[in-house]
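Worksheet: one structure, shown below.
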Amino acid sequence: MAYEAVWMKNPDKLNKFEFYKMEKDGLDIIRDIVEKYAKEGFASIPQEDFNLFKWAGVYQQKPNNGHFMMRIRIPGGVLTSAQARVLASIGRDYGRGLIDVTTRQAIQYHWLEIEHFPDIFDRLASVDMSGVEACGDCPRTIVGNPLVGIDPDELIDTAPIVDRLEKFFLNNRDFSNLPRKYKMSISANIYNNASAEIQCLGFVPASKVIDGKETIGFHALVGGGLSAKPHLGKQLDMFILPDEVLKVAIGVTTLFRDHGYREKRHYARLKYLVADWGVEKFQEELVKLIGPMPSRGENRVIGWNGSYFDGVHKQKQEGLNYIGLNVPVGRTSSEEFEQLADIADKYGDGTIRTTISQNILLPGIPDAKVEEVLQHPLLERLTPNPNRFMSRTVSCTGNEFCNLAIVETKERARRVAQYLDEHVQLDQPLRIHFIGCPNGCGQKHIADIGLQGSLIKTPEGMIDAFDIAVGGTLGPDPKFNSVLKGRVKGEEVQQVLAQLIEFYKEQRSGNDESFHDFVHRVGVPVLQEKLTAILAAAS
């Protein structure tokens with residue numbers, strides 16, 4: 001290690017995994033996978049090394065009998081058609097054709113085996129991609145504006161900034177041993193389409209008059225994060241020029257590395273350090289590292305759209321369009337990825353974009369070609385005109401593959417959305433997020449309706465159930481949703497949600513009142529009373 005961190009001075013307070021990371025850097029596991037474990041087989045892998053597999057983007061897949069999940073970094077969500085074809089080939093050859101789009105714009109495989117990884121790594125490298133540090137105690141995939149470079153609502157093109165940060169942090173051993181996972185976002189879109197408030201470090205568009213001229217730059221939020229105890233990011237009092245984003249990112253990451261908590265794994269996130277220090281002290285320590293910065297300018301974020309872009313939209317380039325496709329609960333396939341690559345090459349600009357809403361965009365479509373693209377058979381399932389509820393339903397991986405999840409989520413979320421589309425008429429978008437455990441990968445805390453998997457005891461035994469939370473949103477007035485009392489049996493979720501949504505329709509102050517605004521106008525106790533009545537009637 002080329003640095004002397006505060007935590008090294010108190011080794012008696014470190015959790016067990018910290019000692020293992022000091023003996024073996026997580027990045028070293030990649031060489032071991034290729035040169036040893038892939039040759040000697042699954043049985044040769046020491047138990048303690050499985051935790052380090054995350055630095056390769058790899059997790060054991062439930063039930064831990066030889067299969068793996070793997071995430072691939074897509075910085076900012078921008079893919080070339082050549083990259084998409086390689087991703088499709090890997091899924092087809094090794095992952096049973098299954099591909100998931102994640103809430104960090106990455107893609108995720110399942111069913112991989114240890115013997116597959118040398119070839120997978122080589123294929124990814126051939127198109128300048130990797131799963132390195134897509135997981136682990138390190139800077140993970142950088143979330144960005146999926147419309148970067150084509151966005152009428154972005155103040156500057158942030159692609160060069162994302163690329164600069166990606167090149168600096170990836171494989172950088174000065175930052176490959178952080179207290180735990182560390183997440184960044186960068187967007188200059190005025191609708192906050194990278195959800196900065198829930199990142200460890202999020203950059204949002206801002207402006208400031210400097211030497212008599214309006215200058216576009218960024219504000220920074222620090223200490224956001226979800227999981228069992230969610231925190232909203234706190235805004236630093238500084239205006240950051242585009243060329244200084246990397247400097248600030250290095251400073252914030254250094255503070256987390258050197259001062260972040262390493263005693264207990266569940267407490268080892270930047271959000272706890274910021275909460276304990278306060279944002280003022282955090283900024284003081286940051287300035288000691290990076291030097292003085294100008295004070296805040298004008299925040300240019302005016303709303304939050306949750307990164308949804310269904311349909312055909314004009315790009316800032318005259319005569320060109322992007323088409324937003326719905327990927328139901330983020331689940332797609334190698335065959336569909338190959339078709340997306342074909343469409344991107346034949347009609348578009350040769351790129352495909354992934355979003356944090358688990359969907360896909362096709363940019364660069366000329367006006368004259370839009371109708372032809374809309375007639376493509378692929379757009380029957382990955383439709384640009386999805387039904388109301390299917391279009392806004394997000395789900396984590398669930399216990400089908402994930403060791404942490406308590407319940408199945410993907411298929412249940414799809415069925416619930418389908419049921420609501422068949423039984424409830426609604427003229428407002430309503431975001432429904434499913435998660436299978438408290439870690440919150442499906443980001444239920446920021447949903448209009450968030451559902452977290454649990455279990456309840458019945459005379460027939462333990463069965464799947466869900467806790468319901470209502471009223472989450474980000475943007476100018478961010479709020480996490482509030483949990484209602486009363487667990488709902490998994491098989492009854494769709495009926496219960498239908499009744500809650502009908503109640504909202506009946507009681508809202510007008511057709512334009514969103515579910516979020518409704519919840520905060522009438523108050524959570526009103527929704528609680530309604531849920532209690534629904535559950536009592538069902539029993």
Side-chain angles (χ1 to χ4, degrees), residues 230 304 306 308 328-329 357 386-396 398 407-436 438 440 442-456 463-474 478-539:
W304 182 56
Y308 288 101
V329 297
S357 56
N387 291 327
R388 175 71 66 190
F389 293 100
M390 192 66 77
S391 73
R392 296 295 186 272
T393 297
V394 168
S395 174
C396 73
V407 301
E408 195 280 325
T409 55
K410 281 283 189 190
E411 178 58 19
R412 187 183 301 279
R414 189 197 64 79
R415 292 200 311 267
V416 168
Q418 183 177 21
Y419 176 92
L420 293 174
D421 280 320
E422 292 172 353
H423 293 84
V424 179
Q425 296 295 316
L426 187 63
D427 52 7
Q428 285 286 329
L430 194 152
R431 296 170 295 104
I432 301 175
H433 290 217
F434 283 76
I435 62 172
Q443 301 180 347
K444 72 99 178 177
H445 307 81
I446 61 174
D448 290 314
I449 300 178
L451 297 105
Q452 179 172 321
S454 59
L455 298 172
I456 57 174
I463 63 170
D464 290 359
F466 287 86
D467 293 318
I468 295 179
V470 294
T473 191
L474 296 180
K479 290 182 177 68
F480 292 132
N481 49 29
S482 300
V483 179
L484 303 178
K485 296 178 181 178
R487 286 182 172 168
V488 181
K489 294 179 181 178
E491 62 189 21
E492 298 174 358
V493 165
Q494 56 262 48
Q495 292 92 346
V496 170
L497 292 189
Q499 292 179 71
L500 282 176
I501 295 166
E502 291 290 357
F503 178 69
Y504 150 62
K505 287 173 59 180
E506 295 166 3
Q507 300 295 321
R508 61 185 174 175
S509 62
N511 291 342
D512 292 336
E513 185 174 43
S514 69
F515 186 84
H516 161 75
D517 289 340
F518 166 74
V519 171
H520 291 282
R521 177 176 62 82
V522 304
V524 172
V526 173
L527 273 295
Q528 178 65 69
E529 183 179 354
K530 182 60 180 178
L531 177 61
T532 300
I534 292 171
L535 296 179
S539 63

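Just so it is clear, the model here is predicted, and its values are computed rather than measured.
Contact annotation: the side chain of Phe434 never approaches that of Val394 to less than 4.5 Å [non-hydrogen atoms, C-beta and beyond]. Residues Leu420 and Ile432 meet the side-chain proximity criterion, which asks for heavy atoms closer than 4.5 Å. Between Leu426 and Lys505, the closest side-chain pair of non-hydrogen atoms falls below 4.5 Å. Looking only at side-chain heavy atoms (C-beta outward), Asp421 and Arg388 come within less than 4.5 Å of each other. At least one side-chain heavy atom of Arg508 sits under 4.5 Å from a side-chain heavy atom of Gln428. Counting heavy atoms from C-beta on, the side chains of Arg414 and Met390 come closer than 4.5 Å. No side-chain heavy atom of Leu497 sits less than 4.5 Å from a side-chain heavy atom of Val488. Between Lys444 and Asp467 there is no side-chain heavy-atom pair separated by less than 4.5 Å.
Note on residues 481-510: pairs passing ring-ring contact (aromatic ring centres under 6.0 Å, His included), not counting sequence neighbours, are Tyr504-Phe515, Tyr504-Phe518. Applying the ring-ring contact (aromatic ring centres under 6.0 Å, His included) rule to pairs touching residues 519-539 yields His516-His520, sequence neighbours excluded. Residue pairs meeting the side chain to side chain donor-acceptor pair (under 3.5 Å) criterion with at least one partner in residues 522-535, sequence neighbours excluded, are Gln528-Thr532.
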Give the C-alpha distance, both sets of side-chain angles, the deciding distance and a yes or no for side chain to side chain contact (heavy atoms under 4.5 Å, CB included) between Phe389 and Ile501. CA-CA 11 Å; Phe389 293 100; Ile501 295 166; 3.6 Å; yes

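Of the possible donor and acceptor atoms, none in the side chain of Gln443 sits under 3.5 Å from a partner among the backbone N and O of Ile446. A donor-acceptor pair under 3.5 Å is absent between the side-chain atoms of Thr409 and the main chain of Gly436, judged by distance alone.
Between Arg412 and Asp464 there is a salt bridge, since a side-chain N of the basic residue sits under 4.0 Å from a carboxylate O of the acidic one.
Other residues, nucleotides and ligands contribute only 12 or fewer heavy atoms inside 6.0 Å of the NZ atom of Lys489.
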